Amino acid sequence: VEHRRRRRAAKDADGGLKDFPRRPPGPKAWPVIGNLHLLGEHSNPFLAFTALSKKYGDIFSMVLGTVPCVVVNNYDLIKEVLITKGSHFGGRPDFLRYHKLFGGDRNNSLALCDWSELQKTRRQVARLYCSPRLSSLHYDTLTRVAGTEVDCFLERVSAASAASSTVFIKPLIQAACANVFSGYMCSTRFGYDDAAFTNIVRLFDEIFWEINQGYAVDFLPWLAPCYRGHMGKLSSWALDIRTFILDRIIDEHRRRLVNGEDGDLGMDMARDFTDALLIQLQEDPNLEWQHIIFELEDFLGGHSAVGNLTMLSLAAVARNPAVARRIQAELDAVTAGTRTVSLADKPDMPYTEAAILEALRVASSPIVPHVATQDTSIAGYHVDKGTVVFINNHELNTGEAYWEDAAAFRPERFLQTAKDGVVHVVKPAHFIPFSTGKRTCIGQRLVHSVSFVLLASLLQHYDIGVDPKHPVVTYTASVALPPDTFPLVFTPRAKQGVAAVPAPA
Ligand code: HEM
């Protein structure tokens, strides 16, 4: 009804949109479910979007439940939504699940809130820490923290692979990522045998898997009573995580900071991201305690995405031994077989970086849907305020129109040799795994850094293969893997000159 009222209002009123009276074409909607059934005809909504774009064009509209949606399917349209008209499309969908994960209000989350001045302020401090520039002090800290963690991580892998060459590696990778994030953001790390820590790492992974799923209730909120158990589970996971952060991370020093017992502190006194958030809380009257805690939780939770991507990169390497051999050759050349690889080696290892980009491309992580915050237009078609806009980046990542031999895993597609013979990583403009524009991902430098260190250190010490009894299963348009996922086979590298695998603790 609201949608029809808006259409009538837009027809009657001027609003500068008279020039764009037409809505994008699209399938006829059924009562109650709209076009939801069309998504069910494919194994993944993005495959459905691509199929529908063949019929209705690169921009089309659909109604999911009662929610008006527009889907954009090519790079020019995507740029119009994310960049040219980024300020018209700064909202996020109002899914019940998003509220449940963030204490009853999705606006507590940096990624799921609507655009606002508060959001702008929160992004500023977050960018400083979560987007550390090469050669900055923050980057040095990250390099140090990652180096320490890699030693502990390799010890655990060594112990696990000595017991059985088939290793269920995902929980170890997730724990290592969690420790790098918490070491870097909170100056704290936890033991791999700390039950409360491993429980929280698992919950973050469950949430990452969950947030990457689509549910009918997202568009048919009246189904909520059928999802009561599920929603309750989400709220309780989120609460357990928050309790852990308050118990184990916000220590006495931090509490004094919050209470102003150490006087007014400037940002230059911040030891890490957590301090910076607490100092920002002191300085900015618009910020509340819960904003800070949710923000910390949001960013710590980012480790889960990195762990999943590292797992996908490992799986890709295990399936493509020639890629593994090239990474190992790069590793041996850079470290001369005398030391463990570190983040500082990344600029000299373009092939390894390209392999991670290729894993990202093939996985084709979805861009969080945007929502029109005003009546506007795309490609001359009218778009009503409140319309959910889906960005079909799956086509950008895997379409033959954008990539030669798109189905193949070929890291070299991201490499270019300059005139002086130096090999550089080059990303085509249409490759936007972290999106673009004002809501672009804040964590991308952390993603590249942490996944690099973990992948490189494993390949430096092990040949990695697939266990035929446990085939690798990945999912279309998703970086997420289920928390319980396939193991991989780890064989210590026999090659001479390779740095020794640390002995099990
Ligand atoms: C494999 C890893 C990751 C991928 C593929 C990824 C991708 C994305 C994408 C596509 C968006 C949506 C942008 C948009 O709506 O236009 C996003 C948003 C965001 N990401 Fe990431 N991300 C990853 C990891 C991380 C990490 C590790 C962090 C934090 C440390 C992070 C923090 C954020 C935040 C805060 C936003 C919301 C920005 C906003 O809405 O203003 N991400 N990410």
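In what follows, every heavy atom counts, from backbone to side chain, and hydrogens, waters and symmetry copies are set aside. None of these values were measured; they are calculated from a predicted model. Order of listing sets the numbers, starting from 1, for every ligand and every atom in it.
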*Asks:* When you compare the side chains of D272 and S187, does any donor N or O come within less than 3.5 Å of an acceptor on the partner?
*Replies:*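 Result is yes, a qualifying pair exists.
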
*Asks:* At a 4.0 Å threshold, what atoms of ligand 1 neighbour a non-hydrogen atom of P433?
*Replies:*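 Those qualifying, in numeric order: 5 (C), 7 (C), 10 (C).
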
*Asks:* Distance to 0.1 Å, residue and atom name: give those for the protein heavy atom nearest to atom 12 (C) of ligand 1.
*Replies:*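 Going by distance alone, atom 12 (C) of ligand 1 is nearest to V368 CG2, 3.8 Å.
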
*Asks:* Between C113 and ligand 1, which part of the residue brings a heavy atom under 4.0 Å of the ligand: side chain, backbone, both or neither?
*Replies:*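 Within the 4.0 Å criterion, C113 makes no contact with ligand 1.
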
*Asks:* Out of all atoms in ligand 1, which are within 4.0 Å of some heavy atom of P366? Include the element for each.
*Replies:*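 So the atoms of ligand 1 that pass are 10 (C).
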
*Asks:* Write out the residue and atom name of the closest protein heavy atom to atom 35 (C) of ligand 1, then the distance separating them to 0.1 Å.
*Replies:*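 For atom 35 (C) of ligand 1, the nearest protein heavy atom is F299 CZ, 3.6 Å.
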
*Asks:* State, without any angle test, whether T50 and N392 hold a side-chain donor-acceptor pair at a distance under 3.5 Å.
*Replies:*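 T50 vs N392: donor-acceptor pair found between side chains.
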
*Asks:* Please list the nearest protein heavy atom to atom 14 (C) of ligand 1 with its residue and the distance rounded to 0.1 Å.
*Replies:*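 Checked against all protein heavy atoms, atom 14 (C) of ligand 1 sits closest to H370 NE2, 3.2 Å.
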
*Asks:* Evaluate H370 against W115 for ring-ring contact (aromatic ring centres under 6.0 Å, His included), listing each step before the verdict.
*Replies:* CA-CA 10 Å; H370 287 231; W115 186 259; over 10 Å; no

*Asks:* Show the numbers, then the answer: is there a side chain to side chain contact (heavy atoms under 4.5 Å, CB included) between V362 and N397?
*Replies:* CA-CA 7 Å; V362 173; N397 285 323; over 6 Å; no

*Asks:* Could you label the plane-to-plane angle of the F46 and F49 rings as parallel, tilted or perpendicular, counting under 30° as parallel and over 60° as perpendicular?
*Replies:*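 It falls in the perpendicular class, over 60°.
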
*Asks:* At a non-hydrogen distance cut-off of under 4.0 Å, which region of A126 contacts ligand 1 (side chain, backbone, both, or neither)?
*Replies:*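 Contact part for A126 vs ligand 1: neither.
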
*Asks:* Around atom 21 (Fe) of ligand 1, what protein N, O or S atoms are found below 2.8 Å?
*Replies:*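 As for protein N, O or S atoms lying under 2.8 Å from atom 21 (Fe) of ligand 1, they are C441 SG.
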
*Asks:* Between R326 and E330, is there a side-chain N and carboxylate O pair less than 4.0 Å apart?
*Replies:*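 Judged by the 4.0 Å cut-off on N to carboxylate O distance, R326 and E330 do not form a salt bridge.
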
*Asks:* Check the orientation of H430 and W403. Use parallel for under 30°, tilted for 30 to 60°, and perpendicular for over 60°.
*Replies:*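 Ring orientation of H430 relative to W403: perpendicular.
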
*Asks:* Checking T352 against K346: is there a side-chain donor and acceptor pair closer than 3.5 Å?
*Replies:*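 There is no such pair (donor and acceptor under 3.5 Å, judged by atom type) between the side chains of K346 and T352.
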
*Asks:* Of all the heavy-atom pairs spanning A372 and D384, show the shortest one and how long it is.
*Replies:*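 Between these two residues, the closest heavy atoms are CB-O, 3.6 Å.
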
*Asks:* With respect to R92, determine whether any N or O atom, backbone or side chain, lies less than 3.5 Å from an N or O atom of ligand 1.
*Replies:*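 N/O-N/O distance below 3.5 Å exists for this pair.
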
*Asks:* Check step by step if side-chain hydrogen bond (donor to acceptor under 3.5 Å, both in side chains) holds for N73 and D58.
*Replies:* CA-CA 5 Å; N73 294 274; D58 276 347; 5.2 Å; no

*Asks:* For I367, take its heavy atoms, then give the atoms of ligand 1 lying under 4.0 Å from any of them.
*Replies:*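 Checking each atom against I367, I get 10 (C), 14 (C), 15 (O), 16 (O).
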
*Asks:* Please enumerate all residues that pass salt bridge (charged side-chain N to carboxylate O under 4.0 Å, His left out) together with E404, with sequence neighbours excluded.
*Replies:*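 Scan of E404 (salt bridge (charged side-chain N to carboxylate O under 4.0 Å, His left out), adjacent residues dropped) gives none.
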
*Asks:* So which heavy atom in the protein is nearest atom 38 (C) of ligand 1, and how far is it from that ligand atom?
*Replies:*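 Protein heavy atom with the smallest distance to atom 38 (C) of ligand 1: R123 NH1, 3.2 Å.
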
*Asks:* Between S131 and Q444, do the side chains contain an N or O donor and an N or O acceptor separated by less than 3.5 Å?
*Replies:*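 Their side chains do not contain a donor-acceptor pair, so the 3.5 Å distance test is not met.
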
*Asks:* Closer than 4.0 Å to some heavy atom of F181 - which atoms of ligand 1 meet that?
*Replies:*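 In order of number, 27 (C), 30 (C).
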
*Asks:* Do any N/O atoms on Q119 end up under 3.5 angstrom from N/O atoms on ligand 1?
*Replies:*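 Between Q119 and ligand 1 (N or O atoms, distance only) the closest approach is under 3.5 Å.
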
*Asks:* Of all the non-hydrogen atoms in the protein, which one sits nearest to atom 13 (C) of ligand 1, and at what distance?
*Replies:*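 So the nearest neighbour among protein heavy atoms is R439 O, 3.1 Å.
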
*Asks:* Looking at ligand 1, does any of its N/O atoms fall within less than 3.5 Å of an N/O of W115?
*Replies:*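 No, since none of the N or O atoms of W115 sits under 3.5 Å from an N or O of ligand 1.
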
*Asks:* For F299 together with Y129, are the ring centres under 6.0 Å from each other?
*Replies:*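 Centroid distance Y129-F299: not below 6.0 Å, so no.
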
